[in-house]
Amino acid sequence: MTDQTPAPYDILFEPVQIGPFTTKNRFYQVPHCNGMGYRDPSAQAAMRKIKAEGGWSVVCTEQVEIHPTSDIAPFIELRIWDDQDLPALRRIADAIHEGGGLAGIELAHNGMNAPNQISRETPLGPAHLPVAPDTIAPVQARAMSLQDIEDLRRWHRNAVRRSLEAGYDVVYVYGAHGYGTPHHFLSRRYNNRTDAYGGSLENRMRLLRELLEDTVDEVAGRAAVACRITVEEEIDGGITREDIEGVLRDLGELPDLWDFAMGSWEGDSVTSRFAPEGRQEEFVAGLKKLTSKPVVGVGRFTSPDAMVRQVKAGILDLIGAARPSIADPFLPNKIRDGRLNLIRECIGCNICVSGDLTMSPIRCTQNPSMGEEWRRGWHPERIRTKESDSRILVVGAGPSGLEAARALGVRGYDVVLAEAGRDLGGRVTAESKLPGLSAWGRVKEYREAALAELANVEIYRESPMTGEDIVEFGFEHVITATGATWRTDGVARFHTTAMPIAEGMQVLGPDDLFAGRLPEGKKVVVYDDDHYYLGGVVAELLEQSGYDVSIVTTGSQVSSWTNNTFEVNRIQRRLIESDIARVTDHAVVSVGVGGVRIKDVYAGLERDLDCDAVVMVTARLPREELYVDLVARRDAGEIASVRGIGDSWGPGTIAAAVWSGRRAAEEFDAVLPSNDEVPFRREVTQLA
Ligand code: ADP
Ligand code: SF4
């Protein structure tokens, strides 16, 4: 790649005027949740600071609840309920400024999306309707009176004033993603009012207009006012193109910046399995010309060419990003410096989203330092230099081995990476060939590119290693990253011992499919007791290969855990459209010749399902023989150290494997506390 900024990208480094501020470039980290919120403010501050350092001209918080009636628990976001919340918010704004960015705060009144589980206030909305998240609390929102609306305006104004006190430069009015009350008022789906706030578009956008006017008045030129708005709700009766065009015609000049979003977070953060980069373009194109103010929008943009095209085509002024900024906080600087080959492209897996949805600190498949900046001191681009002249052998070049070799290489150690196969990448290389998962390959591509720049890392392909080889070659320090194999005996969550399997019946696992082995016959049952993406993907692969496929799962939905990656609904739809039979709430209890016996998980009722073959997507077994052998050799003094990582240590997500590779590299030569101690910093609640 070139050493200089390629001229075609210069346009991305032009300044943009937002209210009283001028940005240093067009890169804009839009508000995004992170599962840290009010619980881990210092961790969040460190994370946001690194984004600013990496070149994002504006770095925003996630949604910040403005009042106890906007309480979105159990999800962990920020709060600006009163002055007690200001020190945490100030710490975040200060950190963004230290990193060289402008700080944005997304003020949110969640209205009928707020079950108020902590505050126990009655949710508020335009109409008497159940709160949107049906799994959190079986409660309804109360239709807001004119007094409630007046109260809401005052709470919002108070939050704006406090945002300025906390040092924010960009203050949001939030009416997007089905979260903000202005969204609920704008949408005919929720707003059936007959007063001045319902009916015509003018009435439905009245609350938005008032909140914008109040905010502009309160900031009085000291900050920029941004409005994040739904451009398409993608649901019957929801906000339409016509609505948003009307809003922009009437209110287009009120805020200093428009931030275009979809009608649900799920609609904005679609995984790469279900939508390409730039999916929002069709909904956003043409809106910019309705306002003279700058506009920002997202699209999982990782390609600078795609970014330039958006700007040149007059679609966006600022390139918004949540996920691409999570996967690579230094994306803007890498484009600026012409280091395009080292961009850690987001793979669109939504493991980051799963952090927020499981109320745990954010994590990222591509960027293992995400969420660890403060508590472990990890940085996406830097790592402390080596502390000895040790030479380290990493065995296995899957995601964990690649990351361990890369990070140890950056530290300056001499590293040898030995891989049994011809291809690097382990499971990501295999899985990226499955339907919809091609972007998984970026986990390998980024690391291969990074390793190519490290003269101190040698890679040996087609080099299966044994303990004997390792001792013979004189390696002293070994990291085993040998992966795991999929079981085919039915053991997973439902069965913890092997199920009866008739001799002669074809039973395959994902590893067979990865190796190109397909079953004979026509009818295949996929038994999924894993619950993440692979069961559904394997069913799709088999259907595309011409089989008649049924997927049996103990979950009440196929791939039920993908609820946390916003995929579960799209997966059901794709399976229905592909004519793949879904047999949910059932376990396979035995495999006979010509069929399986299945059992209802609630009532225990059993029945038979005919098939020619079964593909088990169940549990995995770590490939730990080498590790076990090396432990014995270490104890016998033949090698100095051995550490197992990734799926060979504990099978999990690709994100977990990458993270464990990074951890092994971070901890090599470090004086570690005993494992009786907590291995990371915590922010413990201060007693009142
Ligand atoms: P992880 O997700 O933990 O990185 P993977 O299963 O993706 O694990 O990758 C493990 C890699 O290790 C595979 O590419 C496999 O070929 C390789 N491997 C397994 N055992 C050996 C061995 N003894 N020597 C060299 N490579 C090995
Ligand atoms: Fe992208 Fe996946 Fe990282 Fe999220 S977790 S930023 S989707 S690579």
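Order of appearance sets the numbers: ligands from 1, and atoms from 1 within every ligand. Below, all heavy atoms of this structure are taken into account, side chains as well, without hydrogens, waters or symmetry copies.
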Sub-4.0 Å atoms of ligand 2 with respect to non-hydrogen atoms of G348: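 Matching atoms, with element in brackets: 1 (Fe), 7 (S).
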
F668 and H477 aromatic ring geometry - parallel, tilted or perpendicular at 30°/60° bounds: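 Answer is perpendicular, since the angle exceeds 60°.
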
Do any side-chain atoms of residues 447-456 form donor-acceptor pairs under 3.5 angstrom with protein atoms, and if so which ones, sequence neighbours left out?
residue: R447; atom: NE; partner: E403; partner atom: OE1; Å: 2.6
residue: R447; atom: NH1; partner: Q366; partner atom: OE1; Å: 2.8
residue: R447; atom: NH1; partner: V443; partner atom: O; Å: 3.1
residue: R447; atom: NH2; partner: Q366; partner atom: O; Å: 2.8
residue: R447; atom: NH2; partner: E403; partner atom: OE1; Å: 3.3
residue: E448; atom: OE2; partner: R461; partner atom: NH2; Å: 3.3
residue: E453; atom: OE2; partner: N341; partner atom: ND2; Å: 3.1
residue: N456; atom: ND2; partner: G409; partner atom: O; Å: 2.9
residue: N456; atom: ND2; partner: Y413; partner atom: O; Å: 2.8

Residue pairs involving residues 616-651 (criterion ring-ring contact (aromatic ring centres under 6.0 Å, His included); sequence neighbours excluded):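 Counting only pairs at least two positions apart or across chains, the ring-ring contact (aromatic ring centres under 6.0 Å, His included) contacts touching residues 616-651 are Y627-W649.
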
Is any side-chain N of the basic residue among [X] and [Y] closer than 4.0 Å to the acidic one's carboxylate O?
X	Y	value
E281	R309	yes
R662	E667	no
E638	R634	no
E77	R39	no

Write out each pair where an N or O from ligand 1 and one from the protein are under 3.5 Å apart, with the distance.
residue: ligand 1; atom: 2 (O); partner: D647; partner atom: OD2; Å: 2.6
residue: ligand 1; atom: 3 (O); partner: S400; partner atom: OG; Å: 3.0
residue: ligand 1; atom: 3 (O); partner: D647; partner atom: N; Å: 2.7
residue: ligand 1; atom: 4 (O); partner: P399; partner atom: N; Å: 3.1
residue: ligand 1; atom: 4 (O); partner: S400; partner atom: N; Å: 2.8
residue: ligand 1; atom: 4 (O); partner: S400; partner atom: OG; Å: 2.8
residue: ligand 1; atom: 7 (O); partner: R427; partner atom: N; Å: 2.7
residue: ligand 1; atom: 12 (O); partner: A481; partner atom: O; Å: 3.3
residue: ligand 1; atom: 14 (O); partner: E419; partner atom: OE1; Å: 2.7
residue: ligand 1; atom: 14 (O); partner: E419; partner atom: OE2; Å: 3.0
residue: ligand 1; atom: 16 (O); partner: E419; partner atom: OE2; Å: 2.6
residue: ligand 1; atom: 23 (N); partner: M465; partner atom: O; Å: 3.0
residue: ligand 1; atom: 24 (N); partner: M465; partner atom: N; Å: 3.0
residue: ligand 1; atom: 26 (N); partner: A420; partner atom: N; Å: 3.0

Test item: side-chain donor near acceptor, S325 and Q29, under 3.5 Å: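 No, Q29 and S325 have no side-chain donor paired with an acceptor closer than 3.5 Å.
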
Any donor-acceptor N or O pair under 3.5 Å, side chains D268, Q280: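 Looking only at side-chain atoms, Q280 and D268 do form a donor-acceptor pair, the distance falling under 3.5 Å.
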
Polar protein atoms (N, O or S) that approach atom 3 (Fe) of ligand 2 to under 2.8 Å: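 Hits for atom 3 (Fe) of ligand 2 below 2.8 Å: C364 SG.
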
Point-to-point distance, once rounded to the nearest 0.5 Å, from NE2 of H531 to CZ of R493: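 It comes to 5.5 Å.
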
